[in-house]
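Structure record follows, encoded as structure tokens.
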Amino acid sequence: MSICGLDFGTSNSTVGVLHNDQATMVPLEKHPHTGDMETTLPSALFFDFETDDISFGRQAIRNYTQGEFGRLMRSMKSILGSSQMDEGTQIKGQVYSFNQIIGFFMQSLKSRAEAFSQQAMQSVVLGRPVHFNDHHPALDAAAEQRLAEIARQVGFDQVSFQFEPIAAAFDYEQTVEDEEIALIIDIGGGTSDFTIIRLSKAGRQRADRSADLLANHGIHIGGTDFDRHLSMATMMPFFGLGVPYKDKPTIAMPIHYFVDLATWHRIHTLYDSKVIRDIADLRLSMQQVEPIDRLLTLLKQKDGHRLAGQIEQAKIDLSSASHTQLDLAFLNRDGVVTGDVTHTATAQDLEDAIATDVGRVFAAIDETLVQSGLDKQQINTVFTTGGSTALPSVKALVQQRFPAANWVSGDLFNSVGKGLVLEAQRRYR
Ligand SMILES: Nc1ncnc2c1ncn2[C@@H]1O[C@H](COP(=O)(O)OP(=O)(O)OP(=O)(O)O)[C@@H](O)[C@H]1O
Ligand SMILES: [Mg+2]
């Protein structure tokens with residue numbers, strides 16, 4: 001029987017399998033620029049309207065960016081646990097449920113793992129955030145159930161779950177010699193998840209770790225929220241955010257269009273022809289039309305994901321540079337939009353835009369400590385993983401809060417997946 005661990009992430013997914021009895025991350029996709037095999041598959045699908053093909057990962061993003069006619073979907077995990085979970089979405093005249101869409105993606109992950117292992121995958125440990133939904137336990141439970149259904153739908157016979165930060169702890173535990181208490185911080189694309197756990201060499205063998213688990217907590221804030229807030233602060237005014245009505249100068253363009261445009265999993269809702277008509281009607285009543293024209297052009301060209309991609313890249317660039325340029329030349333494509341469409345964003349813009357989010361993440365870390373009943377001096381190691389832990393403001397706060405702890409920066413994108421396959425090994429063999 002072959003087993004795997006599958007980390008279906010908001011931004012990136014991974015699969016770990018046993019290869020010659022060793023937990024191994026599956027090389028999932030060739031990087032289009034470097035040619036290297038990557039163990040992450042970006043959680044993206046592209047429905048090509050001309051060929052009716054569905055592509056995944058970097059290939060999906062590339063097809064979209066190169067202007068193929070079709071529809072890109074990203075951050076599908078954010079829909080799990082939300083009230084839109086039961087809505088479908090229309091793609092080329094056909095309505096797909098999110099179960100189906102996530103199913104296509106999971107099937108692709110499974111097939112890639114099977115091609116690598118040369119055997120069928122029957123049992124899976126799936127990662128899950130501590131909360132799919134911070135406020136509604138019923139939606140949270142429904143999200144897990146939904147993910148389990150999807151896993152069965154794509155052909156897994158045995159499906160179980162482990163919390164993502166606990167999985168990351170198991171990855172880190174592979175290197176632990178003496179018993180220690182670790183705080184695991186996983187800040188990803190959709191959620192930030194934390195575990196405080198006692199780890200040891202002997203612990204690795206134990207099937208039941210409940211006595212070692214001291215706290216487990218999470219909050220629905222991650223890199224896609226940082227993208228949204230950076231976009232709202234630096235980019236959306238260029239597309240009409242804040243533009244007032246001609247006859248009501250204290251009232252501005254409805255904000256929800258901009259929030260949707262800045263939110264990965266909501267972008268596609270703006271391509272609806274009714275939404276575009278509504279914005280075109282509003283344009284007639286607004287004090288400035290240039291920003292609204294840019295918005296209309298962007299939506300008609302279905303360039304919302306392109307813009308979001310540039311914002312995300314700017315955020316990543318700004319984690320190691322003081323400023324960066326966004327080039328929105330794609331807006332000039334048909335000559336409707338004229339004028340300067342380059343923008344500079346600075347590290348300070350990013351820090352200001354995400355300060356509230358980052359503050360909430362660290363408040364949740366404080367709550368995790370309270371839950372454990374420990375004092376922060378008792379934390380021996382802080383283990384960080386997840387792409388968003390590369391942000392300078394996050395790093396500075398880890399250092400500031402836990403100056404005495406040993407800080408281990410794990411593999412940002414593979415720790416959870418590795419821990420999940422270790423868990424699969426314990427559970428299914
Ligand atoms: N160098 C960087 N600086 C800042 N953010 C980064 C960097 N590299 C990646 N990110 C961000 O990290 C996030 C993806 O991280 P990761 O792959 O760990 O998330 P995920 O596992 O898909 O999400 P989740 O676990 O929340 O479901 C994205 O928002 C991405 O923009
Ligand atoms: Mg993750």
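Sequence positions, counted from 1, serve as the residue numbers for this chain. We count ligands from 1, going down the list as the structure has it; atoms in each ligand are counted the same way.
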Using distance alone, with no hydrogens and no angle criterion, decide if [X] and [Y] have a side-chain donor and acceptor under 3.5 Å apart.
{"X": "Thr342", "Y": "Asp327", "value": "no"}
{"X": "His229", "Y": "Asp357", "value": "yes"}
{"X": "Trp407", "Y": "Thr384", "value": "yes"}
{"X": "Thr263", "Y": "Asp260", "value": "no"}

### Message
Test: ring pair (Phe, Tyr, Trp, His ring centres under 6.0 Å). Region: residues 151-188. Which pairs qualify, not counting sequence neighbours?
### Response
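Residue pairs passing ring pair (Phe, Tyr, Trp, His ring centres under 6.0 Å), neighbours aside: Tyr172-Phe383.
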
### Message
Show me the pairs that pass ring pair (Phe, Tyr, Trp, His ring centres under 6.0 Å) and involve residues 48-88, at least two apart or across chains.
### Response
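For residues 48-88, and leaving out neighbouring residues, the ring pair (Phe, Tyr, Trp, His ring centres under 6.0 Å) pairs sorted by first residue read Phe49-Phe69, Tyr64-His305.
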
In terms of residue, atom name and distance, what is the protein heavy atom nearest to [atom]?
{"atom": "atom 29 (O) of ligand 1", "value": "Lys315 NZ, 3.1 Å"}
{"atom": "atom 31 (O) of ligand 1", "value": "Glu312 OE2, 2.6 Å"}
{"atom": "atom 19 (O) of ligand 1", "value": "Gly189 N, 3.0 Å"}
{"atom": "atom 24 (P) of ligand 1", "value": "Thr10 OG1, 3.5 Å"}

Element-labelled atoms of ligand 1 that are located less than 4.0 Å from some non-hydrogen atom of [X]:
{"X": "Gly386", "value": "18 (O)"}
{"X": "Thr191", "value": "26 (O)"}
{"X": "Phe413", "value": "9 (C), 15 (O), 17 (O)"}
{"X": "Leu391", "value": "4 (C)"}
{"X": "Ala390", "value": "1 (N), 2 (C), 3 (N)"}
{"X": "Glu164", "value": "25 (O)"}

### Message
One pair to check against ring-ring contact (aromatic ring centres under 6.0 Å, His included): Phe116 and His19. What are the steps and the verdict?
### Response
CA-CA 9 Å; Phe116 173 75; His19 193 61; 4.9 Å; yes

For ligand 1, which is the ligand I care about here, please tell me if [X] has any N or O atom under 3.5 Å from one of the ligand's N or O atoms.
{"X": "Gly190", "result": "yes"}
{"X": "Ile316", "result": "no"}
{"X": "Asn12", "result": "yes"}
{"X": "Asp7", "result": "no"}

### Message
Does only the side chain of Phe226 get under 4.0 Å from ligand 1, or the backbone, or both, or neither? Count heavy atoms.
### Response
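Answer for Phe226: neither.
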
### Message
Are more than 12 heavy atoms, taken from residues, nucleotides or ligands other than His31, located less than 6.0 Å from that residue's NE2 atom?
### Response
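Above 12, so yes.
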
### Close side-chain approach of Phe194 and Val361, heavy atoms under 4.5 Å
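Phe194 vs Val361: side chains touch.
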
### Task
Identify which of Ser11, Ser388, Ser319, Gly387 has a heavy atom lying nearest to atom 1 (N) of ligand 1.
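Looking at heavy atoms only, Ser319 sits closest to atom 1 (N) of ligand 1.
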
### Message
Is there a salt bridge (Lys or Arg N to Asp or Glu O under 4.0 Å) between Asp349 and Lys315? Walk through the geometry before answering.
### Response
CA-CA 10 Å; Asp349 291 335; Lys315 173 191 73 176; over 6 Å; no

